[in-house]
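Note that the coordinates shown come from a computational prediction; the quantities given were computed from them, not determined experimentally. Throughout, a chain's letter reflects where its sequence line sits, starting with A, and its residues are numbered from 1.
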2 protein chains.
Amino acid sequence: MPPTRDNPPTNGRPTIREIAALAGVSTATVSRVVNRSGYVSQETRRAVERVVREHGYSANRSARGLSGGRTGLIGVTVPRIYPAYFSVIIAGVTEALYEQDMRIVLCPTLHEHDREVSLLERLMHGTTDGALLVLPEESSRELSALMDHGFRFVVVDPRKRMESPVPTVSAASSSGAAQATAHLLELGHRRIAAITGPRGWLATDERLRGYQASLAAAGVLPDPRLVIESNFEIDGGLAAATELLSRAERPTAIFAFNDQLALGAMQAARGLGLRVPDDVSIVGFDDTAEAQIVTPRLTTVRQPLAEIGRMSVSLLTRLLDGQRVEALHVELETTLILRDSTAVAG
Amino acid sequence: MPPTRDNPPTNGRPTIREIAALAGVSTATVSRVVNRSGYVSQETRRAVERVVREHGYSANRSARGLSGGRTGLIGVTVPRIYPAYFSVIIAGVTEALYEQDMRIVLCPTLHEHDREVSLLERLMHGTTDGALLVLPEESSRELSALMDHGFRFVVVDPRKRMESPVPTVSAASSSGAAQATAHLLELGHRRIAAITGPRGWLATDERLRGYQASLAAAGVLPDPRLVIESNFEIDGGLAAATELLSRAERPTAIFAFNDQLALGAMQAARGLGLRVPDDVSIVGFDDTAEAQIVTPRLTTVRQPLAEIGRMSVSLLTRLLDGQRVEALHVELETTLILRDSTAVAG
DNA sequence: AAACGGTAGGTTAGCGTTTACAGATCGTTC
DNA sequence: GAACGATCTGTAAACGCTAACCTACCGTTT
């Protein structure tokens with residue numbers, strides 16, 4: 001039977017008024033108890049809590065949202081859901097939000113700028129309290145404008161460098177890349193190629209910086225022909241590595257700027273009859289689940305993806321509570337994970 | 001410019017009242033226009049639509065929700081987010097919902113029954129219009145009770161067989177398993193082991209049925225010792241396959257009931273120095289992204305996961321529109337995908 | 001003893017929609 | 001020409017909650 005208005009009292013869950021009546025207090029008191037705000041005596045609190053528990057009361061989110069309070073909903077925009085890179089971040093986010101009894105409204109943008117903009121507009125008023133933007137398409141300027149409009153959000157893994165007022169969470173790309181490159185150098189490699197993401201992306205530029213820094217520190221002259229720009233996807237890695245490994249003087253190691261690219265590079269090596277790591281060493285970046293299931297298992301730089309998700313929630317909730325957020329740009333540590341795709345230069 | 005009090009009317013987005021005033025009509029008329037309900041003349045409609053467009057109006061979801069209308073939010077509970085199996089379903093769901101201007105409220109249950117129940121309770125009243133339950137913990141009886149309570153939901157990939165009134169969407173497990181087994185039989189295999197999921201799960205039982213049916217059709221006596229119960233995870237597959245392949249008379253082929261198990265089985269084979277597919281053929285189930293990146297690429301049964309997501313949205317929206325849903329139990333087709341992990345029995 | 005600040009809890013006005021309900025106009029039918 | 005149904009539009013009452021505002025009762029301080 002669909003609930004109707006002729007079906008007045010118990011047509012679903014209890015309302016705050018019913019709970020108040022049952023507990024013999026006013027609705028305001030119930031509200032104070034469940035929101036832990038204002039003064040309530042021990043006695044009253046306990047009495048109300050008992051009734052709340054017994055009747056399984058929890059506030060109607062729409063009503064709460066309307067009434068100027070919070071909706072308890074956080075918007076999350078991501079380019080896509082299923083490369084593990086994104087899903088692990090999302091998992092971290094939902095986990096952290098769950099603890100605060102908040103929920104996540106998930107919006108994949110499919111890399112479409114328009115879709116993202118309209119989504120943001122919609123999300124930010126009346127639906128959600130704030131948002132997490134993973135790898136957003138928007139320029140720093142557009143995002144600043146949104147902030148000025150009163151939107152509250154945190155940028156996760158910014159695509160471009162953000163101006164100061166926009167809070168961001170990311171991983172120490174440059175340091176991770178430096179570690180990876182140093183590892184290859186220690187193994188005796190000198191012709192170390194890099195398969196990068198799109199130029200101009202922060203992740204690409206930072207990793208490039210780390211790569212070049214390590215090379216320089218070891219006194220190895222960087223060779224621009226060993227750096228190939230790609231797209232962070234398997235196909236791109238396959239194409240780039242095929243090109244690299246077909247050269248007369250081929251690199252003895254490849255540093256792929258994410259695991260997808262590294263997977264493509266491994267396929268390329270296999271396609272050319274080269275053994276990993278005997279003929280060519282390969283290092284990835286991200287440490288997604290794939291890194292452990294391929295053969296050989298991939299040496300890669302771990303980004304604490306779930307932690308990135310949790311940290312951005314923490315930043316956002318502080319932002320929403322009106323606290324001044326000090327650390328606007330949080331950068332989490334990266335670690336090199338040694339597995340089986342790297343070996344001493346042959 | 002941040003909204004201030006000196007900036008009274010438009011300190012955010014327009015309300016229906018402002019739009020109504022601008023268009024010279026009542027709020028009721030604006031509501032009728034944007035919801036396409038009731039009678040509105042051509043002229044009025046166009047006038048209102050113009051104002052709506054110019055001011056970028058869209059209804060506040062909380063208010064709409066409160067007022068007895070729809071919130072435009074659909075809850076989705078999943079055990080976890082990141083095995084690709086789930087994320088691809090979620091992707092299909094969001095895609096389908098986006099087209100209807102609806103959003104998804106994502107709730108991972110982490111396989112905790114309690115968490116799931118409380119989540120459902122919360123979700124279903126006041127927050128969302130309905131829900132999609134992926135692989136829910138609840139018994140058919142519990143779910144029936146929820147339906148009687150007026151909750152609207154669709155079960156995706158039911159864990160147990162559901163009683164009739166609960167709508168479900170799943171893939172043709174039994175037929176897929178039959179195809180996989182038949183394929184191995186055609187290759188000359190006779191000792192075909194099965195690594196299953198937990199007994200009692202629909203997916204396990206159905207796949208077992210298909211496996212046994214194909215064996216029977218080929219006149220091969222089923223050997224209960226070749227069937228090992230596991231947990232649908234890599235570790236389980238590793239353990240089960242290690243056991244199977246260490247036997248004196250080891251199976252020449254393994255049918256793993258999902259890709260994770262198959263991945264584990266491949267690791268087991270490698271660990272024992274056996275080559276896939278030369279020494280042992282392996283077939284998986286699901287066709288998640290991993291199947292294509294391992295070496296050798298995994299022969300597996302494809303489930304149309306994104307389509308499962310889209311289909312369940314379609315069922316749910318019909319349910320929400322109050323339409324009588326005819327096909328309560330939808331089963332989508334599965335296809336065997338031949339890759340490199342199977343070969344003629346040696 | 002007046003004044004005060006801290007604590008406790010009730011009253012009530014919205015929040016932005018949707019939707020009964022009612023009123024108005026018009027063309028048709030009896 | 002009255003009655004009627006169809007079409008169009010406005011009025012106003014919810015929806016369930018929060019928070020501002022009040023009142024009232026302490027125990028201290030001046």
Side-chain angles (χ1 to χ4, degrees), chain A residues 2-49 52 55 57-73 122 125-127 129 322, chain B residues 3 5 8-48 52 55 57-73 122 125-127 129:
Chain A
T4 64
R5 298 205 170 178
D6 315 341
N7 182 346
T10 72
N11 77 350
R13 62 170 13 177
T15 71
I16 198 173
R17 253 184 285 272
E18 288 162 20
I19 298 298
L22 253 15
V25 299
S26 70
T27 61
T29 300
V30 176
S31 175
R32 279 190 277 258
V33 169
V34 304
N35 295 308
R36 289 164 176 54
S37 68
Y39 292 113
V40 183
S41 71
Q42 277 290 319
E43 281 181 288
T44 312
R45 171 177 301 280
R46 267 201 268 276
V48 172
E49 275 168 352
V52 164
H55 293 257
Y57 170 77
S58 81
N60 176 316
R61 279 219 147 84
S62 292
R64 180 177 283 177
L66 222 207
S67 176
R70 302 281 187 72
T71 60
L73 259 21
R122 297 247 169 90
H125 264 287
T127 310
D129 300 334
Chain B
R5 297 210 170 173
T10 72
N11 80 346
R13 63 164 20 172
T15 71
I16 198 173
R17 254 184 283 275
E18 286 162 21
I19 297 298
L22 254 14
V25 299
S26 72
T27 62
T29 299
V30 176
S31 175
R32 279 190 278 258
V33 169
V34 304
N35 294 307
R36 288 163 177 55
S37 68
Y39 291 114
V40 182
S41 71
Q42 276 291 320
E43 279 181 292
T44 312
R45 172 177 300 280
R46 267 200 269 273
V48 172
V52 164
H55 293 257
Y57 169 78
S58 81
N60 176 316
R61 279 215 150 87
S62 292
R64 179 176 282 177
L66 222 208
S67 179
R70 301 279 189 74
T71 60
L73 259 22
R122 298 245 168 94
H125 263 286
T127 310
D129 300 333

Participant: Drop me the distance from B:Ile19's CD1 to B:His55's NE2, to the nearest 0.5 angstrom.
Facilitator: 5.5 Å
Participant: Can you figure out which of D:dT9, D:dG16, C:dG16 approaches the side chain of B:Thr15 most closely?
Facilitator: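 Shortest atom-to-atom distance from the side chain points to C:dG16.
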Participant: Ignoring backbone atoms, test whether A:Ser62 places a side-chain nitrogen or oxygen under 4.0 Å from the OP1 or OP2 oxygen of D:dC17.
Facilitator: no
Participant: Looking at DNA chain D, which of residues 24-33 of chain B put a heavy atom within less than 4.0 Å of it?
Facilitator: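 Residues of residues 24-33 of chain B under 4.0 Å from DNA chain D: B:Gly24, B:Val25, B:Ser26, B:Thr27, B:Ala28, B:Thr29, B:Arg32.
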Participant: Donor-acceptor check, side chain of A:Asp129 to backbone of A:Arg70, threshold 3.5 angstrom: yes or no?
Facilitator: no
Participant: Nearest whole Å is fine: how far is D:dT18 P from A:Arg61 CZ?
Facilitator: 11 Å
Participant: How does protein reach along nucleotides 24-29 of chain D, written 5' to 3' as B (base within reach of a heavy atom under 4.0 Å), S (only sugar-phosphate), or - (no contact)?
Facilitator: ------
Participant: Any donor and acceptor pair, going by atom type alone, linking the side chain of B:Asn35 with main-chain N or O of B:Ser37 inside 3.5 Å?
Facilitator: no
Participant: Considering only heavy atoms from C-beta outward, does the side chain of B:Val34 approach that of B:Arg64 to under 4.5 Å?
Facilitator: yes
Participant: Between the protein and nucleotides 3-7 of chain C, list every N/O to N/O distance that falls short of 3.5 Å.
Facilitator:
{"from": "C:dT7", "atom 1": "OP2", "to": "A:Tyr39", "atom 2": "OH", "distance (Å)": "2.5"}

Participant: Counting only side-chain nitrogens and oxygens, does A:Asn35 get under 4.0 Å of the OP1 or OP2 atom of D:dT18?
Facilitator: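 Checking A:Asn35 against D:dT18: at least one side-chain N or O falls below 4.0 Å of OP1 or OP2.
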Participant: Between A:Ser37 and A:Arg17, which residue's closest nucleotide on DNA chain D lies nearer the 5′ terminus?
Facilitator: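 It is A:Arg17 whose nearest nucleotide is closer to the 5' end.
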Participant: When you match B:Arg45 and B:Leu66 each to their closest nucleotide on DNA chain D, which lands nearer the 5' end?
Facilitator: B:Arg45
